[in-house]
Structure formats: structure tokens, C-alpha cells
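Residue numbering restarts at 1 for every chain, and letters A, B, ... go by the order of the sequence lines.
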Amino acid sequence: MQIKESSKIYDAVIVGSGAGGGMATKILSEAGLNIAVVEAGPHFDPANPDQQTQMKWPWESPRRGANTQRTFGDFDALYGGWDIPGEPYTRKDGTKFDWFRARMLGGRTNHWGRISLRFSERDFKHKDVDGLGDNWPIGYEDVKPYYDKVDKLIGLFGSKENLPNEPDGFFLPPPKPRLHELFYIKGARKSNIPVIPSRMSMLTKKINPERGVCFYCGQCNRSCSAYADFSAGSCLIFPAQKNGGQIDLYNNAMVREVLTNSEGKATGISYIDKADRKEYTLRAKVVVLAASACSSARILLNSKSPQHPNGLGNSGNTVGKYLHDSTGSGRSAFVPDLVNRKMYNEDGVGGMHVYTPWWLDNKKLDFPRGYHIEVWGGMGMPNYGFGFNANEYNKFFGLKVGGYGNSLRSDVKKYYGSVVGFGGRGESIAMEDNYCEIDPSVVDQFGIPVLRFHYNWSDFERKQAKHMHETFDELIHNMGGEALSAAPGADREYGLEAPGRIIHEVGTTRMGNDPKTSVVNQFQQLHDANNVFIVDAGPFVSQADKNPTWTILALSWRTCDYIVEQLKMQNI
Amino acid sequence: MDRRESIKSLFIGAAAGGLALASCQPEISAEAQEAMATGATNYGRTPEEDAQIAALHAQQFFTPHELESLAILTALILPENEDFPSAASVGVPDFIEFMAKDYPAFQTPIRGGLMWLDHISNRRFGLEFKKLEPAQQHEILEEIAYPDLAVSEGARPLEVRFFSLMRNLTLTGYYTTETGIKDLGYQGNMPNVWDGVPQEVLDQHGMAYEEAWLAKCIDQKTRGNIASWDEQGNLLT
């Protein structure tokens, strides 16, 4: 097979179009660079009526939104999922890791929770506190200017709270709490558990003439057709195109490897066009990987050459290692004071209006890192699953459960909106022995060797999950609720979700000053090839109990400023 | 500002995004009914997804007898009342037919459960379930409609599990129709401006907003103003 080469030389080729790649597209194109963006999935625009799921009704889906076709249900915006036909991955030694991949322009930002949190100084230097993991080579002051710029460019709501571990930013005002959130606040206060307005990237106010303002349909996971929430396509890539950026978008293009020359520098990438199944190359002065932490690690490990026999960037054997995801565990409760509700529209923004940041001192606890608590509930739009076990909560009143006939109609109404749920999302410790690597025995449908995962939780995470459930029990008690399940015990790792399930996987190409123990430097530049950069969550040294997206965006911007400067100085 | 006005003002910013939500309101039912009748979809499917849905529509799983039995059973589970029709008359049997193809694990429990119903009906009354008198149908349902919660779901008798599944699918099928949503009273999936829980609802539940919290929240009169901040991050607009 002949590989088709393009004669054009781009200033930069960007692999992936999610948060990191979208930001790189915007910053590099607006600096006047001529760029290619290579995305493994199709084009997607939430304002395209052919692709829009926002404001659709359940009956428009023959399965009423069930998740038999799309992982998070028919109306979720995401193309991709835990298992993609023809693109397997494997696991090692009986360990578990579930890998969620997007295949679309904008990637996972099209359906994410929009929880937009800054890392604090402690988050960047947590080894100084407890001796575990590693410090980042940068601190909050290095990233703060970029967090500030991201806030103003993309927009998020929140409130100034002056909490040392939850740095404030440039916030739009938050929406008022909903009824179940008022119950949560009241319950949490009884145990001195703090609750503050959420920090999420939906526009409660205009930030520029191009993007709309939230109209409170609660459907951000469907991606907003008014561009009132943050998705990489609608907020970064499309504006960059409209601003006249020199951007060639390659959709349905599966990147195989980074190509290097005899000096070991990158010359471009090769990809397989999914339409004709032929291999192509793109040439560029700079390669920016933003394919997601594990996909970028895979591309590097598959980029073997005489100069990089162990894979590109892997001279220190660090690529793929220190993979870590947020911990996660949840519970829900029936709250008798929330029965027989009056009906009104409380869709609000998609997700929570309030949350609990980590509030305790780990020195006084038997686990090292914290977690935050997310809250859900309310009278949401019925979808597949609504009405299942309709009158199960009769058991809390000593009434019969089950039956048939018109009494079911009043049962359904009685219990509508009476359940409140909690999700704990915590920090795990990055471990060298949790990793992804190439599985030499398995190939995907594009002829590319696949990833194999090895991942175990430790007692650090298990004890943290146990604490989450003790907190949930206390909250449920304070709210006068009835837990819908018992706290999971040691036999179920205290309800810890399998690694990967929270979809915050980071750390596979970590940042550091020492090429023997890290893959990129503080500017996310490969130690082994100075014209290759990584702007997804691979460079994260640790991930805090914060959702990674806002930090991906800030660091991508910082790296792109550095790329532009280095190109001007002709250093790369 | 009346409600119509406030909704209109919502779309000033939305126009740039090509949003035409006004058309999503009352007319949708005719389109949706047509979609359900023809199998065509209009909710953002990829071509591959549409093809998969069309392929499922092209198959037939339940026999005419089974579909008639499903119509009787779903109407017994959720009969009509003064204001709303039965589950059977808003297409719930067709929804169950689709789900049986879309999620094949449903096929055997439903088909076998319907067969069990006919078996017990024949044995007891000498007729298939669909031909029984309502009182006879109720007699059978009384025996299978109340699960023993002390027994775990998977360990309950097959006929109890079957009926629980049918009740779940019937209710979910009903409450995800336009009729069911009207019956439920769900008010959302409409552009609006969320400005807190209505006072009478707060009163009903003995709740109140804290002044300090409200002071942080959006003043919805300013939602159209373009945000700007001072250097400390204090919002100026």
C-alpha cells in the first residue's frame, strides 16, 4: 500500500478536537499559524438541525431515550462510548479499567458535566503536604493568568467564596438553587458540611455577541444549539474558523503515529482515512497531541523509529504510566418531605446548581486526599426508565408495593421529584504501576496496535470511598430521607467505581523537570522531541478532586503561547 | 414583561446559533406521530443510527396474538380514566415491540410470560388470557402483581418478574408519550428563565432562600448584558 503524502507543510498539526485541541486550534490559528486539525470522528455542530437532540421529546425516540444505541441514552450528544466496534482495548492481570472514547468534532466536551474548577496551589504541590505522588513543576501562580483568560473567553458561573483550596475566578452569577438543592443545603448545614453555588461553564449572562444565554432546559449533555454552554466546537473551533483562521479540518481521520526524521524531530503525522481506509501523511513544523490522555500515549508508543526505538517521548519509560482517574461513588435517597410536589419547570441548567467542595483536613483522617460532592434530583423530563418500580417507596409508609390500575397514576405523581442523589468525586494517588501500554497481540480495524490497561485501586481510594458513604448516610439522615441502598461494604470496595468510569483519566505523559521520570516539561513539550507538545490531560502529575477540563484549557493556552514564542525565536 | 415577551427575548442571542425553538412547541406532536407511524426519525441521528433504527422497524417480533395480548395487558396495567386514555391506546404495545427488538434480552421473558398467562388462563378458565372476562383477568393479576420485597428481584417467581417487567415497560412507555407527559404535568423542555422556586412551593415545603445566597445569584434582568469584570473578578454589568 502506498502512503499518500501531502506536499503542504503546516505550521502545526493538532491531533484531537476536544478541550485541549480546540483551545490549541483557537490560539495557534489566531496567532496566524497555518494548521491542520485531525479528528477521528465526524463533524459535529449542535446547531445543525440534523444533529440536534436538544429540545426533543422522549417520544421522538422509538426507544424513548434508552441507552441501547448511545452510551448515555439516545439524546446524549456523544458519539463514541466504552466500546467502539473495531477499536478494542485489553486489560492485564485481571485488573479493570474502562476507557471512554469520543469520536466527533469537539470530543467529550459536547456532553460533559461542565463542572469547571481551578486547581489550587495545594493541588499542584500536594506531595509537600502528605509525601505522596509527585509535585507538579508549576504552581497556581503559573496557571492563574490562563485560568483568568479561560474564564473570560469561555464563561462560567460561580461565586467568590475566598476558600483557599477553591480559587475564585471571573464568574457569571449562578442560578438560584432548586427545591431539592435547598433540602441538600439544609441537611449539609446540620453537619457543618459546606455548600456553595456550582461552578459550571454555562452562560447565565451574555459574554459576547456570538453566543446565546442559557434558557434553562437542563439539557447540556445534548450540547447547546445556542452555544450557551462550553463545547470545544461551538466555543473554540467554529469561532477560530469565523475569525479567518487558516484551519484545515480532517474529520474521520484516525491518527496512527507521529513521524520523525533522522534527528529525532517530528515531521508530521500519519493517519488512516476512515472513508477510503488508506494511510495518509501530513507534514508540520510542530505536532500538538490532544487525542486524550490514553490515545496520545498510544500514538507516542506506536511512534517507533531508530531515534526513538522505545516509542516517541519514552526514553524514560514513563509514557502510559501514572494513569489515574477520579474516584467516584454515589448513593441516593427518597425524601418524604418531597412527595406530592406542585408542578413547575425546574429544569434549570444541566446538572447541579450547588455542590460541596472538599472540606476536611486529611491529616485527621485515614486517607490522604479529598473529594467533592455533586448533587442531583428534581422533576426531570421523563425518559426511558421513568415509572420503573413506580410505587416502591410505598414500603416506607407500610403500603403495598406493586399492583396495577389507575392508582399507579397517582403513585407516579406522588413520588415524582422525591429522590435526591449524591456523587462523590475524589482524588486518587498517581501510581507508577497503574498504566496503559501497547498490547502487541491485538490490532484495531485500522491496523494500529491497541492499548492494554493495568490498574488497581489502593486503600487510599477505598478508605476515601468508605468516608463518602459515611457522609452520604449523615446527609440522608439530616434530610429526613431513606437511603435507597445500604452503604456498600469492603466486599464491593465501598462502592468505588471501576477505574476509568468517572472519565477523568489523566497522567499518562506526565509533566516534570527530569526526563527520566517525566515525558514533557512544564510547557508540555516532549523532553525527547522539542517540536511535539501534549495539550490533553496526559501531562497531569496529579488531578486533585477537581474535574480536569478547566485545567486542560488553561494549560493548552499556556503551551500554545509558548509554541508561538518558540517559533518566533526559531527554537523549534 | 409577559411570558411570551420574556421567551421572545431569550432568542435574541440564540439566533446566531441557528436556533428556532419556537417551532418545537405545539406542532411537534403531528410530526412526532408521523415519525412514529413511518419509522422516520428527526432527533439528531447519525446516518448509521438511522439505518439501525430502520432495520429494527423492518423486523416483526411479536405475533398478532401476542400483540393483542399485550394490548389487553397494558390496558389492565394502566386503564383509561376520566381525563386520559389507557396505555394501550397511546401505542405502548408498539413501544414494547420496538424494545424487544432493540434489547433482545427482553424477548424470551416477555414471550414466555405471555405464554404463561395463556397457560394459566386456559387451565383455570379454558380460554386464552385476552378472551377472559375482566374479573377473571384481575383474579390472575392479583396473584402476580405484588412482589414480596423480602425476596431479591432475581429470586422472585417468574410470573411475578414478568408482571413487574410489563408494569415497568407500560408505565415508561406511557409517561414518555405526549399524553403521558401531559398527565404527569411535567412543565419543562421549554425555554424559560429560571428564577428560583415559586414562593408557594417554598411555603408548602417549609423552605426559604437565605438572603446571603440570593445576593450571589443572577439578577435575571441583567442576563442580556454582556459581562465585564474589574481586575478582582467583581462583575460590573
Side-chain angles (χ1 to χ4, degrees), chain A residues 47 51-53 55-64 68-69 159-160 168-170 172-176 178-179 182 197 204-207 210 212-213 215-217 225-227 337 342-345 347-348 379 381-388 390 395 400-406 408 413, chain B residues 10 13-14 16-19 21 24 28 32 35 42-44 49 53 76-79 81 98-99 102-103 141 145-147 149 167-168 171-172 175-178 181 184-198 201 204-205 207 216-218 222-227 229 233:
Chain A
Q51 296 179 312
Q52 189 178 327
T53 55
M55 308 309 287
K56 301 294 180 183
W57 291 98
W59 60 83
E60 297 183 68
S61 155
R63 54 175 71 84
R64 312 292 165 83
T68 45
Q69 190 170 67
S159 56
K160 293 184 88 168
D168 295 326
F170 291 78
L172 304 169
K176 291 175 187 171
R178 288 167 285 210
L179 185 63
L182 292 174
T204 54
K205 219 174 154 71
K206 271 193 105 57
I207 59 159
E210 285 75 42
V213 182
F215 50 87
Y216 302 99
C217 71
S225 53
Y227 301 166
D337 284 347
K342 282 201 174 74
M343 297 290 152
Y344 56 96
N345 182 349
D347 286 346
M379 301 183 289
M381 178 156 46
N383 240 310
Y384 183 85
F386 182 90
F388 278 20
K395 67 187 177 192
K400 256 182 160 178
V401 171
Y404 56 96
N406 272 316
L408 292 173
K413 284 179 210 176
Chain B
L10 280 170
L19 190 75
L21 288 169
C24 287
I28 203 88
N42 179 31
Y43 69 109
E49 288 170 334
I53 289 169
L76 284 163
I77 291 171
L78 204 65
N81 68 2
F98 185 86
M99 289 313 299
D102 193 40
Y103 185 66
L141 296 191
Y146 300 93
L149 298 186
R167 183 174 46 226
N168 283 345
L171 291 181
T172 225
Y175 284 106
T176 51
T177 61
E178 192 171 18
I181 282 180
L184 180 68
Y186 168 69
Q187 303 288 306
N189 200 27
M190 290 288 171
N192 73 106
V193 177
W194 166 256
D195 202 22
V197 182
V201 175
Q204 180 197 346
H205 294 277
M207 282 288 164
K216 297 173 185 173
C217 293
I218 178 77
T222 68
R223 58 187 261 107
N225 303 349
I226 292 186
W229 299 264

If you measure from [atom1] on [X] to [atom2] on [Y], what distance do you get to the nearest 0.5 Å?
| X | Y | atom1 | atom2 | answer |
| --- | --- | --- | --- | --- |
| Phe388(A) | Thr172(B) | CZ | OG1 | 4.5 Å |
| Asn42(B) | Gln52(A) | CG | CD | 9.5 Å |
| Trp229(B) | Phe170(A) | CH2 | CZ | 8.0 Å |
| Leu408(A) | Ile77(B) | CG | CD1 | 8.5 Å |
| Tyr186(B) | Phe386(A) | OH | CZ | 11.0 Å |
| Ile207(A) | Ile226(B) | CD1 | CD1 | 9.0 Å |

Under 4.5 Å from any heavy atom of chain A - which part of [X]:
| X | result |
| --- | --- |
| Leu149(B) | side chain |
| Ile181(B) | side chain |
| Gln204(B) | side chain |

Are the side chains of [Y] and [X] in contact, using a 4.5 Å heavy-atom criterion?
| X | Y | value |
| --- | --- | --- |
| Pro62(A) | Tyr43(B) | yes |
| Ile53(B) | Arg63(A) | yes |
| Lys205(A) | Asn225(B) | yes |
| Arg64(A) | Thr177(B) | yes |
| His205(B) | Leu182(A) | no |
| Trp57(A) | Glu178(B) | no |
| Arg178(A) | Trp194(B) | yes |

**OP:** Please name the residue in the list Thr204(A), Val213(A), Leu172(A) that meets the side-chain contact (heavy atoms from CB on, under 4.5 Å) test with Arg223(B).
**Re:** Val213(A)
Subject >> Check: Asn189(B) side chain, Lys56(A) main-chain N or O, donor-acceptor pair, under 3.5 Å >> reply: yes
Original post:
Is there a donor-acceptor pair closer than 3.5 Å between any side-chain N or O of Asn192(B) and the backbone N or O of Tyr216(A)?
Top reply: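 Looks like yes, one N/O pair under 3.5 Å.
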**OP:** Determine the option with the most heavy-atom pairs under 4.5 angstrom with chain A, choosing from Leu141(B), Asn81(B), Asn168(B).
**Re:**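 Winner by heavy-atom pair count: Asn168(B).
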Original post:
Which one, Leu184(B), Leu78(B), Thr222(B), leads in non-hydrogen pairs under 4.5 Å with chain A?
Top reply: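 Winner by heavy-atom pair count: Leu184(B).
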Work out which heavy atom in [X] is nearest to a heavy atom in [Y]; give both atom names and the distance.
| X | Y | result |
| --- | --- | --- |
| Asp347(A) | Gly188(B) | OD2-CA, 3.3 Å |
| Pro175(A) | Ile218(B) | CA-CG2, 4.1 Å |
| Lys216(B) | Pro173(A) | O-CB, 3.7 Å |

Could you tell me which portion of [X] (side chain, backbone, both or neither) has an atom closer than 4.5 angstrom to a non-hydrogen atom of chain B?
| X | answer |
| --- | --- |
| Met381(A) | both |
| Asp337(A) | backbone |
| Ser159(A) | side chain |
| Lys342(A) | both |

Original post:
Given the options Gly405(A), Gly169(A), Cys217(A), which has more heavy-atom pairs under 4.5 Å with chain B than any of the others?
Top reply: Gly405(A)
